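Sequence lines set the chain letters: A, B, ... in the order given, protein chains first and strands last, and positions in each chain run from 1. Computed from a prediction, not measured in an experiment: that's the story for all the values here.
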Protein chains: 2
Amino acid sequence: MSPKTTKTTDRQTPTGDRQGVADQLRLDNQLCFALYAATGLVTRAYRPLLEPLNLTYPQYLAMMALWEKAPRTVSDLGEALGLDSGTLTPLLKRMEGAGLVRRTRDKADERRVQITLTDQGAALQEKAAGVPFALACALDLPGEEIVALRATLQDLARKLRGTED
Amino acid sequence: MSPKTTKTTDRQTPTGDRQGVADQLRLDNQLCFALYAATGLVTRAYRPLLEPLNLTYPQYLAMMALWEKAPRTVSDLGEALGLDSGTLTPLLKRMEGAGLVRRTRDKADERRVQITLTDQGAALQEKAAGVPFALACALDLPGEEIVALRATLQDLARKLRGTED
DNA sequence: GTCAATTAAATTGTATACAATATAATCGTG
DNA sequence: CACGATTATATTGTATACAATTTAATTGAC
């Protein structure tokens, strides 16, 4: 390793020098990679908790959205989850196959598909009741930090949603 | 909608009552969903910046890992990125097809595959130099908040990596 | 040294994601 | 009411992800 200063470079302005560029492109200096890695690890932490429910992680998110509000259309669900029909259609078909939801064309507007919870799908909420607490334990973070981090991320998401289209 | 209290419920202890369970399972109360949504939005913000480089977002992460250290083995890269060979092998084959890296069996240990940067792959770092700053602008967050959020996420990741195996 | 155990990649199969396109239904304007 | 524009979902094709298995090479205990 070449000798380096120990100065941390949390630069906000772009630097053109070779070392500056290399530093700016280090994985550990990327917010995006910190997000990517944390999301992957959290998803992995959910896996053993969701396996008994026979749900994948995105399916669990979809079920939460449906426990909040059902029936709702594919688009509505897509807005809530940030997913499009290309992702949701096959996901919902699998969930239909598993007996959790029904997909029925809206009679008032045949373009729309309403997603309804089956009895089994609604009942699954009871079994999922312990999941958030179990995960909070696995995270091993004080409650206030979880709340604060969540708020920061929701803030970031709000800003990014504003500049999308 | 049924009438509800406006009390925010950032509970850390599990509650068994119906409303408590429903609240605990609301999407907006999940740290995991905040992470998931923010990651998706950030990834989308990268897309237009990476398109001129002909890189997908995971490929961009892999390139950053390789600009930091190359050649390195598939496993080593996998540890850095949190990915296994099932994901990396096809990803690296595509990057090899694009002329960014070479994949060569390690002569000292034929089980290993060393990933080397081609001249083109190394040169791409110059073109990527502006990406982190451009994205920081798109995030529209003060630098200190970016640094703080990154540190919090790295902390979370460290804890989760500890409890994996 | 031999062979079971381990390790490193690759492969297979399933499940997201998303861009681009296709299809069908509804809307809006004349 | 006709018909182009818009909307909602589905489909197609490509690219992650990851569990489970396979293959090939190396290590280690004897």
Participant: If you compare every side-chain N and O of A:R47 against the phosphate oxygens of D:dA19 (OP1, OP2), does one of them come in below 4.0 Å?
Facilitator: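 A:R47 to D:dA19 OP1/OP2: side-chain N or O found under 4.0 Å.
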Participant: D:dC18, OP1 or OP2 - any side-chain N/O from A:R44 closer than 4.0 Å?
Facilitator: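 Looking at the OP1 and OP2 atoms of D:dC18, one of them is under 4.0 Å from a side-chain N or O of A:R44.
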Participant: Roughly, in whole Å, what's the span from CG in A:L55 to P in C:dA15?
Facilitator: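 Distance check: A:L55 CG to C:dA15 P gives 13 Å.
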Participant: Assuming nearest nucleotide by heavy-atom distance, tell me which of A:E51 and A:L88 is located more 5' along DNA chain D.
Facilitator: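 Counting from the 5' end, the first nearest nucleotide belongs to A:L88.
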Participant: Measure the distance from CG on B:L50 to C1' on D:dT16 and round it to the nearest whole Å.
Facilitator: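 Rounded to whole Å, this separation is 15 Å.
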Participant: Please report the C-alpha distance between A:N29 and B:R150 in whole Å, then the side-chain angles of each, then the deciding distance to 0.1 Å, and finally whether the side chain to side chain contact (heavy atoms under 4.5 Å, CB included) criterion is met.
Facilitator: CA-CA 8 Å; A:N29 287 338; B:R150 196 180 65 201; 4.2 Å; yes
Participant: Can B:E110 and B:R105 be counted as an ion pair, charged N to O under 4.0 angstrom?
Facilitator: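 A salt bridge is absent here (no side-chain N lies under 4.0 Å from a carboxylate O).
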Participant: Output the rounded distance in Å from CD (B:E79) to C1' (C:dA9).
Facilitator: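 So the CD-C1' distance, B:E79 to C:dA9, works out to 15 Å.
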Participant: Between C:dA15 atom C1' and A:L91 atom CG, what is the distance in whole Å?
Facilitator: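 That distance rounds to 8 Å.
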Participant: Measure from the side chain of B:S75, starting at C-beta and using heavy atoms only, and say which of D:dA17, C:dC18, C:dA9 lies closest.
Facilitator: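 In terms of side-chain proximity for B:S75, the closest of D:dA17, C:dC18, C:dA9 is C:dA9.
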Participant: Take A:A108 and A:P90, find for each the nucleotide of DNA chain C with the closest heavy atom, and name the residue whose nucleotide sits nearer the 5' end.
Facilitator: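 Its nearest nucleotide being more 5', the pick is A:P90.
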Participant: Looking at D:dT6, D:dT26, C:dC18, which one has an atom nearest to any side-chain atom of A:R111?
Facilitator: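 The nucleotide sitting nearest to the side chain is D:dT6.
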Participant: Between C:dA25, D:dA17, D:dT26, spot the one nearest the side chain of B:P58, thanks.
Facilitator: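 Nearest listed nucleotide: D:dA17.
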Participant: Indicate whether OP1 or OP2 belonging to D:dT11 is found under 4.0 Å from a side-chain N or O atom of A:T89.
Facilitator: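 For D:dT11, neither OP1 nor OP2 has a side-chain N or O of A:T89 closer than 4.0 Å.
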Participant: I need the CD-C1' distance between B:E96 and C:dA9, as an integer number of Å.
Facilitator: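 After rounding, the gap between these two atoms is 14 Å.
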Participant: Would you indicate, yes or no, if C:dA10 has its OP1 or OP2 atom less than 4.0 angstrom from a side-chain nitrogen or oxygen of B:R103?
Facilitator: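 True: B:R103 side-chain N/O within range (under 4.0 Å) of C:dA10 OP1/OP2.
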Participant: Separation of A:R112 atom CZ from C:dT26 atom P, in whole Å?
Facilitator: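 Taking atom P of C:dT26 as the reference, CZ of A:R112 is at 9 Å.
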Participant: A:D109 has an atom CG; how far is it from atom C1' of C:dA24, in whole Å?
Facilitator: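 About 11 Å, once rounded to whole Å.
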Participant: Find the distance B:L92:CG to D:dA17:P and express it as a whole number of Å.
Facilitator: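 So the two atoms are 12 Å apart, to the nearest Å.
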Participant: Between A:K93 and D:dT11, is there a side-chain N or O to OP1/OP2 distance below 4.0 Å?
Facilitator: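 True: A:K93 side-chain N/O within range (under 4.0 Å) of D:dT11 OP1/OP2.
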Participant: Check the orientation of B:Y60 and B:W67. Use parallel for under 30°, tilted for 30 to 60°, and perpendicular for over 60°.
Facilitator: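 Geometry flag for B:W67 against B:Y60: perpendicular rings.
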Participant: So, is A:R94 near the phosphate of C:dT16, with a side-chain N or O under 4.0 Å from OP1 or OP2?
Facilitator: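 Yes, because at least one side-chain N or O of A:R94 sits under 4.0 Å from OP1 or OP2 of C:dT16.
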Participant: Should A:Y36 be listed as having a side-chain N or O under 4.0 Å from OP1 or OP2 of D:dA17?
Facilitator: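 Affirmative; the distance criterion is met.
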Participant: Indicate, with a heavy-atom threshold strictly under 4.0 Å, whether A:A62 touches base, sugar-phosphate, or nothing.
Facilitator: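 Since no nucleic acid heavy atom lies under 4.0 Å of A:A62, the category is nothing.
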Participant: Tell me whether the OP1 or OP2 atom of C:dA17 has a side-chain N or O from A:Y57 closer than 4.0 Å.
Facilitator: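 Answer no for this pair, as no side-chain N or O of A:Y57 is under 4.0 Å from OP1 or OP2.
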Participant: Nearest of C:dA19, D:dA10, D:dT16 to any side-chain atom of A:D84?
Facilitator: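 The nucleotide sitting nearest to the side chain is C:dA19.
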Participant: Could a donor-acceptor pair under 3.5 angstrom be found where the side chain of A:S85 meets the base of D:dA8?
Facilitator: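 Result: no qualifying N/O pair found.
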Participant: So A:T73, base contact, sugar-phosphate only, or nothing? Heavy-atom distance under 4.0 Å.
Facilitator: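 The answer is sugar-phosphate, as A:T73 gets under 4.0 Å only of primed atoms, P, OP1 or OP2.
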Participant: Is the phosphate of D:dT16, meaning OP1 or OP2, less than 4.0 Å from a side-chain N or O of B:T56?
Facilitator: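 For B:T56, the contact criterion (side-chain N or O under 4.0 Å from OP1 or OP2 of D:dT16) is met.
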Participant: Any donor and acceptor pair, going by atom type alone, linking the side chain of B:S85 with main-chain N or O of B:L88 inside 3.5 Å?
Facilitator: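 Not a single qualifying donor-acceptor pair exists.
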Participant: Looking at CG of A:L100 and CG of A:L117, how far apart are the two atoms once the value is rounded to the nearest 0.5 Å?
Facilitator: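 Separation between the atoms: 8.5 Å.
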Participant: Please state whether the rings of A:Y36 and B:Y57 are parallel, tilted or perpendicular, taking 30° and 60° as the class boundaries.
Facilitator: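 Rings of A:Y36 and B:Y57: perpendicular, over 60°.
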Participant: If you define the side chain from C-beta out and look only at heavy atoms, does anything of A:L91 sit under 4.5 Å from A:M95?
Facilitator: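 Yes, close enough: below the 4.5 Å cut-off.
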Participant: For a quick test of reading the model: is some side-chain N or O of A:Q114 closer than 4.0 Å to OP1 or OP2 of D:dA8?
Facilitator: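 Indeed not, no polar side-chain atom of A:Q114 lies that close.
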